[in-house]
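Okay, so here's the structure we're looking at.
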Amino acid sequence: MSPRISEEKVDEVRRSVDIVDVISEYVQLKKQGRNLIGLCPFHGEKTPSFSVSQDKQLYHCFGCGAGGNVFSFVMEIEGLSFVESIVKVADKGNVSLPEVDLGDNQSKEDDTLNQWYNGHILAAKLYHHILTATEEGKAAREYLRERGFTKEAIDKFQIGYAPNSWDFLTNFLQKRNLPLSEMVDCGLLSVREFDQKPFDRFRDRIMFPIWNKQGKIIAFGGRILKEGNPKYLNSPESGVFNKSETLYYIHEARKSIRKKNEAVLFEGYVDVIAAWRAGIDNGVATLGTALTEGQAKMLRRNTDQVILCYDSDNAGQNATFKNAQILEGTGIRVKVAKLPDGMDPDDYIQKNGVERFSQDIIGQSLTLMGFKFQYFRRGKNLQDEGQRLDYIQRILQEISKLKHAVERDHYLRQLSEEFSLSLEALKQEQVQIYKSQSRQDKQDNNKTIQKTMHIPAQKKLLPAHEAAEKLLLAHMLQNKSVAFQVEERVGGAFNIDQYQAIAAHLYTFYSKGYEPNPSLFIEQLEDKDLKRITTEIAMMTIADDLSEQELEDYFNQIKKFPKKLEIEKLKLARKKAEEEKDYLKAATIGMDIIKMEQTLKNT
C-alpha cells in the first residue's frame, strides 16, 4: 500500500466507481450470465475471452491471464503507477484526494499539461468569440452560412476564426501569463527561425477544436478562408495530441454509438459536423483518410458495426477498401455509404438536404461485399474477355473470405446471373480458392504462433488435489468461516506453492479484521503472479454454500496427495530393483506399496 494515500481513502475511491463503467470506456461489454464479456484490450483476439464481474468488481482474461480490480485495469491500460491509477479513478468517481503527492517530476508534468489544456481552452474561446461576435469574423461567418452551418452547429462544435495576424493569439496568451515556450510545445504557436520568437501558427483560418476521448481540447484543425495552401492545417503532434490515436468527436458520439451499436466513419471534421446537422450523431472522423489499428480498436470497444462514408473519388474509394480491411481485422462488421461521383458528404447535404443524406446515403449503405463488386469494376472494360475474367477471379477470392455459406451462395448466384455463368462451375472454383487460402492462412498462423511468446496454456483437467485446493481458495475468498476452518485443518499444507502463498495471505488478511472482499485482497498482493492466479480463482463460479461433506472431501484430497507421491516414488524404486535383478528388494518394496495403497483407500 502506498504511504501517500490512506487505506481508507483508497477504499473510498474503489467504492466510488463501478468497474463495469470504467472498463466500458475501453472495452465493449455484453451481458453473459452473471458476468459481462468482451474482447481483451491487452492481447489481440477475435473471440471474446475477457470477463468482468460486477458482483466481485474484478476482471479476468481467460486468454492471456490478465486480471485484477479497477486499479489494476487502469494501471495496465493507461501505463500508470498504482498511485496514479488511484488519482485517475478518483477523478472518475469525483473523490477528492487533497493529500496525494505524486512527486516533484509528476507535479511538474501535471503543471505543464494543465498549461497546455488551459491554452487550448482559451484559444478556442477566443477564436469562437471572434467568429461569432466581431466584425473581423464577418467573412468567416458568411462563408459558414453559405456552407449550411447553423448557429447551433457552430456553438455545438465550438467553431471559431483565427484572424490574419502574426501575434493576435500570442499576445492574448502572454497577457494571461501562459509560458509562450509551452504554447509552442503544445502546438498553438510556432517560432521564427531567425530569432526564435513565437508567432501565431493559425492565421486567417476557420478553426475546429479537436478533443481527446475525455473531452479535452488537445489540438485544432484550421481551414484556410481565402486562397492558400495547405487548405487544411492541423496542429502538430504533441504530448497530448497523437493523430493516429485520435478520433474526432468520439467524446460526444460514444454514447450514441453504443446505443445504436453502430458508428459512421468520415474523413474529416467538416463531414462529421455536416452529418450531425442531418441527425447523424454517431459520426466520428479520422484526421485524414488513413485509419490506424489503434483507431480501429477504439471503435471496436464501442460497437460491432461501422459505416464508412468517404469521398467518391479514387482516393476516397481506395481508403474505403483499405480501412475496411483494418476494421474487419478487429472483428467489426463493415458497411459502405455510397456517394454520387465527385461528392463528399458536405457537398451532398448542400445540394440535396439533410433528410436525403440520412435516408438515401447512410440509410441505404451497401454491404462490404456489395461495395467490393463496384470497387473492383473501376477502370475495367468488362466487355473485354481478359479483364472480365480477371474481375470474376478477384470477386471469387473475396467471396471465399466470407464466413457464412448463405452469404457465399448469395454472391455466387449474383455473379452467375450477371455474367451468364454456370453456378456449379463458380462454386467449384470458389472451393478451390478457399482451399488454397486456407493452406496459406494455416502456414501464416504457424509462423505467428512460433513468434508469439505468451501463448496461453491449453485448458486441461486438473489433478484432484489441485482442483480441491483451487476450489477451497475460491470459497475462502468469499467466506471467512471457511477460511478459518481451512487454516485449522490444512494450515500451510497446500501442495501447490502458489496456492499455499495465497492461503497464507488470506489467513493474514482475515486476521486483521477484514471481511471477504476479493478486490481489496488482490489489491494488497504485491506479487504479479499471485494477483493473476487469485483473480482467476475469484472469478470462478461456485455455489454459495459449501456442505461439510464437500469440505471434508477437499481436505482428504489435499492430505492424500503427498502419500500418492510417496507411492509413485516407491514404484520407481521397485522398478529399478527389478532391473538390477534384486527381486527380494523389489518384493519388499511391493509389500510397502500394497500397505500404503490400502491405507490410502481407507482414509
Tyr249 ring center within less than 6.0 Å of Tyr269 ring center: no

CD1 on Ile537 to CG on Leu58, rounded to 0.5 Å: 12.0 Å

Close side-chain approach of Val52 and Ile19, heavy atoms under 4.5 Å: yes

Lys156 and Asp281 ion-paired at < 4.0 Å: no

Flag if over 12 foreign heavy atoms under 6.0 Å of NZ, Lys260: yes

Check against salt bridge (charged side-chain N to carboxylate O under 4.0 Å, His left out), Glu552 and Arg489: CA-CA 10 Å; Glu552 198 64 38; Arg489 295 283 300 276; 2.8 Å; yes

Leu551 vs Leu472 side-chain heavy atoms within contact, under 4.5 Å: yes

Under 3.5 Å donor-acceptor, His60 side chain and Gly67 backbone: no

Validation row: Phe521, Ile502 side chains within 4.5 angstrom (heavy atoms): yes

Cationic N near anionic O, under 4.0 Å, Glu523 to Lys531: no

Under 3.5 Å: donor-acceptor pair, side chain of Asp11, backbone of Glu7: no

Asn69 side chain vs Ser519 backbone, donor-acceptor pair below 3.5 Å: yes

Point-to-point distance, once rounded to the nearest 0.5 Å, from CD of Gln305 to CG of Leu327: 11.0 Å

Evaluation steps, side chain to side chain contact (heavy atoms under 4.5 Å, CB included), between Arg300 and Leu39: CA-CA 9 Å; Arg300 184 65 182 87; Leu39 295 173; 3.3 Å; yes

Option passing side chain to side chain contact (heavy atoms under 4.5 Å, CB included) with Val334 (candidates Leu366, Leu308, Asn323): Leu308

Side chains of Asn261 and Gln28, donor plus acceptor under 3.5 Å: yes

Stepwise side chain to side chain contact (heavy atoms under 4.5 Å, CB included) test for Glu548 and Gln485: CA-CA 11 Å; Glu548 288 296 327; Gln485 291 182 67; 4.1 Å; yes

Nearest atoms (heavy-atom pairs only) where Ala66 meets Tyr59: C-CE1, 4.0 Å

Any Leu247 side-chain heavy atom under 4.5 Å of Gln295 side chain: yes

Residues Glu466 and Asn495: side-chain donor-acceptor under 3.5 angstrom: no

Carboxylate-amine/guanidinium proximity below 4.0 Å for Lys88 and Asp91: no

Whether Glu245 side chain and Asn242 backbone form a donor-acceptor pair below 3.5 Å: no

Non-hydrogen atoms of Gly65 and Arg532 that approach each other most closely: O-CG, 2.9 Å

Considering all heavy atoms, the nearest Leu97-Ala90 contact: CD1-CB, 3.4 Å

Parallel, tilted or perpendicular: rings of Tyr248 and Trp211 (30°, 60°): tilted

Gap separating the CZ atom of Phe509 from the CG atom of Leu525, nearest 0.5 angstrom: 9.5 Å

Exam field: side chain Thr508 to backbone Ala504, donor-acceptor pair closer than 3.5 Å: yes

Closest approach of Ile37 to Pro48 (non-hydrogen atoms, all atoms of both residues): CD1-CB, 4.1 Å

Side-chain H-bond candidate by donor/acceptor type, Glu550 with Ser547, under 3.5 Å: yes

Any Ile210 side-chain heavy atom under 4.5 Å of Phe220 side chain: no

Flag, side chain of Gln54 to backbone of Val20, donor-acceptor distance under 3.5 Å: no

Flag side-chain contact, heavy atom, 4.5 Å: Asn212 against Tyr117: yes

Heavy-atom pair with the smallest gap, counting every atom of Ala501 and Leu530: CB-CD1, 4.0 Å

Separation between NZ of Lys56 and CE of Met539, rounded to the nearest 0.5 Å: 6.5 Å

Pair Lys243 + Glu237: basic N to acidic O under 4.0 Å: no

Interatomic spacing from CD1 in Ile218 to NZ in Lys213 - rounded to 0.5 Å: 10.5 Å

Sidechain N-carboxylate O distance under 4.0 Å for Lys470, Glu536: yes

Least distance between heavy atoms, Ala285 atom then Leu265 atom: CA-CD1, 4.2 Å

Gln500 side chain vs Asp497 backbone, donor-acceptor pair below 3.5 Å: no

Any donor-acceptor N/O pair, Thr292 side chain to Ser244 backbone, under 3.5 Å: yes

Parallel, tilted or perpendicular: rings of Trp276 and Phe157 (30°, 60°): perpendicular

Residue Lys31 excluded, over 12 heavy atoms near NZ under 6.0 Å: yes

Rounded distance [0.5 Å steps], OG1 in Thr303 versus CG in Leu299: 8.0 Å

Stepwise side chain to side chain contact (heavy atoms under 4.5 Å, CB included) check, Phe50 with Phe42: CA-CA 9 Å; Phe50 184 82; Phe42 304 120; 4.2 Å; yes

Contact check, side chains of Ile362 and Cys309, non-hydrogen atoms, under 4.5 Å: yes

Distance-only donor-acceptor check, side chains Ser53 and Asp55, under 3.5 Å: no

Arg408 side-chain N/O to Lys401 backbone N/O, donor-acceptor pair under 3.5 Å: no

Under 3.5 Å side-chain donor-acceptor pair for Gln557 and Asp553: no

SB check Glu25 Lys92 (cutoff 4.0 Å): yes

Carboxylate-amine/guanidinium contact Glu293 Lys297, below 4.0 Å: yes

Residue pair Val70, Met75: steps toward the side chain to side chain contact (heavy atoms under 4.5 Å, CB included) verdict: CA-CA 9 Å; Val70 67; Met75 286 169 67; over 6 Å; no

Side-chain donor or acceptor of Tyr507 paired with backbone N/O of Gly491 under 3.5 Å: yes

Side chain to side chain, Ser365 and Phe371, heavy atoms closer than 4.5 Å: no

